[in-house]
Participant: 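Please find one structure pasted underneath; my questions will follow.
Naming: A, B, ... by sequence-line order, numbering from 1 per chain.
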Amino acid sequence: MDYRDTLNLPSTKFKMKANLTQKEPMFLKRWEKQELYKKLQESMADKPSYILHDGPPYANGHIHLGTAFNKVLKDIILKSRRFAGFRSPYIPGWDCHGLPIEHNVDKELGEKKEKISKLGKRGACRKYAEKWIKTQKAEFKRLGVLGDWDQPYLTMNYGYEAAIAREFNRFLLSDSVVRSKKPVYWCSTCQTALAEAEVEYHDHTSASIYVKFPVKEDLGDVVAELSGRKVCAIIWTTTPWTLPANQAVAFHPQFVYAAVEVGDEVWILAEELVEKCFQEFGISDYKVLTTFKATGLENKKCSHPFLERDSLMVLANYVTAESGTGCVHTAPGHGADDYITGLRYGLEPLSPVDGKGMFTADAGKYEGRQVPKVNKDIIEDLRADGSLVQHNDISHSYPHCWRCKKPVMYRATEQWFVSMAKNELRDKALKAIENVKWTPSWGMQRIFGMVEGRPDWCLSRQRSWGVPITVLSCTDCGEVLKNEEVCKRIEDSFVKEGADAWFKYDAAHFAGDSVCSSCGCKEFVQEADILDVWFDSGVSFSAVCEEREELDSPADLYLEGSDQHRGWFQSSLLASVGTRERAPYKGVLTHGYVVDGKGKKMSKSVGNVVAPQEVIDKYGAEILRLWVSSEDYRDDVKVSDEILKHVSDAYRKMRNTIRFMLSNISDFNHETDSVSMDEMTGLDRWALARFAELNERVVKAYMDHEFHTVFHSFYYFCGTTMSSIYLDVLKDRLYASETNDAGRRAAQTVIRRILEGMLQLMAPILSFTTTEAWEYLHGLKEDAPVESSIFFSAFPNTDDISRVAEEDERWGQLLLLRSEITKVLETARRNKEIGLSLDAEVVLGVDDKLADFLSDKWDVLREICIVSALRSEDGLDDSNSVSAENVEGLRIAVRQAPGTKCERCWILSPSVGEDEDHPALCARCAGVVKRITAAV
RNA sequence: GGGCGUGUAGCUCAGUUGGUUAGAGCGCGUCCCUGAUAAGGACGAGGUCCCUGGUUCGAGUCCAGGCCCGCCCA
């Protein structure tokens, strides 16, 4: 007789092969049709809220793995908060204005861009942004991210544009907005000022020249040896074209300078650089006359080498002895340090270069020439009149435009700023930073340092695609009109027609019958510049969190990459502190960058870029989500084929564990078949205790945003606690017992409960798989109501599971004994003494302490070792047993188990053969089979 | 060049106030099983704790300097 049919073998239709790439779209479709997100929000309406405010990605191009990582992280947080009992709405957003989009639209327009109207260009930009929003939205949804995708926030929505104007006007009315000439990064190709965040550094070959600046005054009073000599300061620069704007030569107040005789001239340069410089000049015939401190040079005058102008000798701390001559060419209109020095000495930020990089009349003979081509002319002229000491080319790191990748320049222009000093914005912001919970904690240091040292916030951009700086200035005297009614009029028209209104109507439309407070004039001119896009996204707390009914401000959490300490976290902070006197967030969490398997950043040129679409196509979004959870995001996040393969392996283990658990409760009705806790075995209670422990740890990890702990705990639980221990041991009870056997039902009660909890614990991460398994667990059909979805449940409650420390300790000891025994079993297996562990009888030599411990546990130990027999024996020694490695007073021997192998349960037992009807079965199995046959 | 951060097995992560022989899981290798089967079980081999100094009876852990990588800035 074949006894296989009398066993309760596992059975399920839940597939071992996940087929994620095909199944995921199906679940997504269903969730969308069921309006899962919306229904979930409704169901949590009266619960406390947890507001995670989305930082808007830029609406240009496909999403990359970094954005995918960020969105999945947010999704995991929001889903886990929901499972923990919070209402956690998610309003995704997009950053829509700005240079990159305008630049791409310009490219698409080609020659037409010169003819198209501003409004026409803006319309094209809007369309362009819409296109990419649509694309990105689909890509984000594909990741399984739940949110209000039908009503995201867009910084180009009319209401949002009005909010931007409103917040700008608040700054304006509070006198925080100032206009001043200041050198800013300027791209002459894009013809716009660039924010610091908009320049990137690449290697660039520049001219490196040394130039004589003849000292006009006799320096005899400072250094006696120089009396009556022709003295020159030797400066070094890599930007010859800024020489027409030179206003000063800077010396370090602490450096020692040398006066070097070269022919009939005396050159001044830093003493420690003399040798190096003259080597470079190729001059060996020189003599150091004397050395001196430069402090005496302050406020003396040099002559400009080729313009009829003086150049002041000044002192500055940033002068370096690393390179150059220690005498620094200073052009306050073309450099940040230079500008500050200029302020100190009352020098003009001269900048004789227009927006296209063309010299103006102020540059004398170079008028009409183009930067940087003019370098060559200037160098030649210097050479011709003997001012040039040396000319080389050097390659160095130089700022480039983030968009067009061309070198940029520093150029002084009229710009609008939010002053960091007015209304104590800087101090208030620093204070606000201290009241925010930064994760990781060093985030506070980082942003604090940045805010502490940052310059005024340059708000203006000379472009078309953005929200205008809504300033009206008096035509006569230039005074800025600050009038609440006018502001309101602007805001209202933006609500109706968007920021386009500014370009549709003239100044009078907004100014009404306003009068200039300074000169009484009634004519006004509109500002043409638009706002920095960081201002757009920076006011999202106002445009979104304060406006949308389901949200709130300040938000509980902002969550972005660590680059946003300078970006969105900061612009949001300043926008909020400047208008609300508080931070827009209670907590800020940052994650590292996605890098390749070696920790190097991804770049197209290196060819190590991994696209989210590749991961989805090859493994499925679920694997991408699991990968997100597996990495500790506080550091950089690595990704590679190897890593994804391992994540995929982990997924298979998790899935198989779930499948096996499902397959063993296929005949279990938890309404009618459940067994109470006191009817369970110690092993069952141990498993429940481990589950309660898992629950506690995982929920805490979710609340602490430590998802890699969730991943590791769960993986260990699946692979070790369940798969290799509990479920493996349970097989005999589940398979060989009668269907309704109390012990079997107890095991099923435990399995079902743990399985349900496992699914709930992992649903925030494994959203697809837990949904699928949940449907099998509850026997749900495809058309089941949305409320039966796993997402409407909660994290498991394990309060009723008793956790006794001594009990855990006893089990720890039992498992230790088990591992000692399996080692010896393995030796026996290698010696071909046994195959299956059930072939073995384990004989232990135990000391008194162990004997006492084991007195009531012999059978449990046999069970968890999955051997046919286990007993103690006196007199074991080295000839017939081995001493346990990690347990004192224990000897272990493995022998062939006595008796015959039962054909049904495979346990070797002396009772096999005793039953006449079933001579191939052990007593237990014979009984079971008889009762089954009788029932039939 | 400056600021912030990071560095523990092939991979992902633990490692308490300094304290035995640095851990786990996976992967890898070998074996067993064929009643979880494109599964399951067992055992085993893997580490200069980035480097160099220092403090200490004792350092993965504390201190100093350096290197690598990342972000931000110049």
Participant: Can you say whether a donor on the side chain of A:R446 sits under 3.5 Å from an acceptor on the base of B:rC71, or the other way round?
Facilitator: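 Between B:rC71 and A:R446, which were checked side chain against base, a qualifying N/O pair under 3.5 Å is present.
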Participant: Identify whether any heavy atom of A:K15 sits under 4.0 Å from a base atom; if not, whether one sits that close to sugar-phosphate; answer base, sugar-phosphate or nothing.
Facilitator: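 A:K15: no heavy atom of the nucleic acid under 4.0 Å.
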Participant: Within residues 642-650 of chain A, which residues have any heavy atom lying less than 4.0 Å from an atom of RNA chain B?
Facilitator: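 A:E642, A:I643, A:H646, A:D649 - these, ordered by number, are the residues of the stretch whose heavy atoms sit under 4.0 Å from the strand.
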Participant: Do A:S881 and A:R891 meet the criterion of a side-chain donor-acceptor pair at a distance under 3.5 Å?
Facilitator: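 Judged by distance alone, the side chains do pair up.
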Participant: Check A:R924 with A:D732, please: is the shortest side-chain N to carboxylate O separation under 4.0 Å?
Facilitator: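 Yes, charged N to carboxylate O under 4.0 Å.
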Participant: Output the rounded distance in Å from CG (A:L836) to C1' (B:rA36).
Facilitator: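 Rounded to whole Å, this separation is 15 Å.
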Participant: Side chains of A:Q570 and A:R454: does their closest heavy-atom pair fall under 4.5 Å?
Facilitator: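 A side-chain contact under 4.5 Å exists here.
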Participant: Applying the 5.5 Å / 30° rule, does A:Y3 stack onto the base of B:rG35?
Facilitator: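 Given the distance and angle limits, no, they do not stack.
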Participant: Measure the distance from OH on A:Y651 to P on B:rC11 and round it to the nearest whole Å.
Facilitator: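 Atom-to-atom, A:Y651 to B:rC11, this comes out as 26 Å.
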Participant: B:rC33 C1' sits how many Å from A:L9 CG, rounded?
Facilitator: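 A:L9 atom CG is separated from B:rC33 atom C1' by 15 Å.
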Participant: Output every pair passing side-chain hydrogen bond (donor to acceptor under 3.5 Å, both in side chains) with a member in residues 624-633 of chain A, not counting sequence neighbours, ordered by first then second residue.
Facilitator: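 Sorted result for residues 624-633 of chain A: A:D75-A:R625, A:R625-A:S767, A:D632-A:R634.
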Participant: Could you list the protein-to-nucleotides 64-66 of chain B atom pairs, N/O on both sides, closer than 3.5 Å?
Facilitator:
none

Participant: Using whole Å, what does the distance between atom C1' of nucleotide B:rG2 and atom CZ of A:R566 come to?
Facilitator: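 These atoms are roughly 12 Å apart.
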Participant: Would you mind classifying the nucleic acid contact of A:G449 as base, sugar-phosphate or nothing, using non-hydrogen atoms under 4.0 angstrom?
Facilitator: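 Since no nucleic acid heavy atom lies under 4.0 Å of A:G449, the category is nothing.
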Participant: Can you list the residues that meet the salt bridge (charged side-chain N to carboxylate O under 4.0 Å, His left out) rule with A:E696, with sequence neighbours excluded?
Facilitator: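 Counting only residues at least two positions away or on another chain, A:E696 forms a salt bridge (charged side-chain N to carboxylate O under 4.0 Å, His left out) with A:R803.
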Participant: Under 4.0 angstrom, heavy atoms only, what part of the nucleic acid is A:K653 near: base, sugar-phosphate, or nothing?
Facilitator: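 Contact class for A:K653: sugar-phosphate only.
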Participant: Regarding A:G592, tell me which of base, sugar-phosphate or nothing describes its non-hydrogen contacts under 4.0 Å with the strands shown.
Facilitator: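 Here A:G592 touches no strand at all.
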Participant: Is there a donor and acceptor pair closer than 3.5 Å between the side chain of A:S724 and the base of B:rA42?
Facilitator: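 No.
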Participant: A:W906 side chain: which of B:rC31, B:rA36, B:rU34 is closest?
Facilitator: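 Selected nucleotide: B:rU34.
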Participant: Can you tell me how far P of B:rU37 sits from CG of A:L727, to the nearest Å?
Facilitator: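 For the pair A:L727 CG and B:rU37 P, the rounded distance is 14 Å.
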Participant: Using a cut-off of strictly less than 4.0 Å, decide whether A:K17 has a side-chain nitrogen or oxygen near OP1 or OP2 of B:rA39.
Facilitator: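 Negative; the distance criterion is not met.
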Participant: Which value, in whole Å, describes the distance between the P atoms of nucleotides B:rG19 and B:rG58?
Facilitator: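 Looking at atom P only, B:rG19 and B:rG58 are 14 Å apart.
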Participant: Please give, in whole Å, the distance from B:rA39 P to A:I658 CD1?
Facilitator: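 These atoms are roughly 16 Å apart.
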Participant: Could you tell me how far apart A:Y715 (OH) and B:rU12 (C1') are, to the nearest whole angstrom?
Facilitator: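 Value for this atom pair: 9 Å.
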Participant: Would you list the protein and nucleotides 13-17 of chain B atom pairs, both N or O, that sit under 3.5 Å from each other?
Facilitator:
| from | atom 1 | to | atom 2 | distance (Å) |
| --- | --- | --- | --- | --- |
| B:rC13 | OP1 | A:E631 | OE1 | 3.2 |
| B:rC13 | OP1 | A:D632 | N | 2.3 |
| B:rC13 | O4' | A:H712 | NE2 | 3.3 |
| B:rC13 | O3' | A:H708 | NE2 | 3.3 |
| B:rA14 | OP1 | A:H708 | NE2 | 2.6 |

Participant: What form does the base of B:rG46 take, syn (within 90° of 0) or anti?
Facilitator: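 B:rG46: syn.
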Participant: With heavy atoms under 4.0 Å as the rule, sort A:R659 into base, sugar-phosphate or nothing.
Facilitator: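 Sugar-phosphate: the residue A:R659, judged by heavy atoms under 4.0 Å, touches backbone atoms but no base.
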Participant: Restricting to nitrogen or oxygen on both sides, can you table the protein-nucleotides 43-49 of chain B pairs closer than 3.5 Å?
Facilitator:
| from | atom 1 | to | atom 2 | distance (Å) |
| --- | --- | --- | --- | --- |
| B:rC43 | OP1 | A:T822 | OG1 | 2.9 |

Participant: Describe the nucleic acid contact of A:N656 in one word from base, sugar-phosphate, nothing, applying a heavy-atom distance below 4.0 Å.
Facilitator: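 Touches a base.
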Participant: Take A:Y651 and A:T769 through the side chain to side chain donor-acceptor pair (under 3.5 Å) test and state the conclusion after the steps.
Facilitator: CA-CA 10 Å; A:Y651 172 80; A:T769 305; 2.7 Å; yes
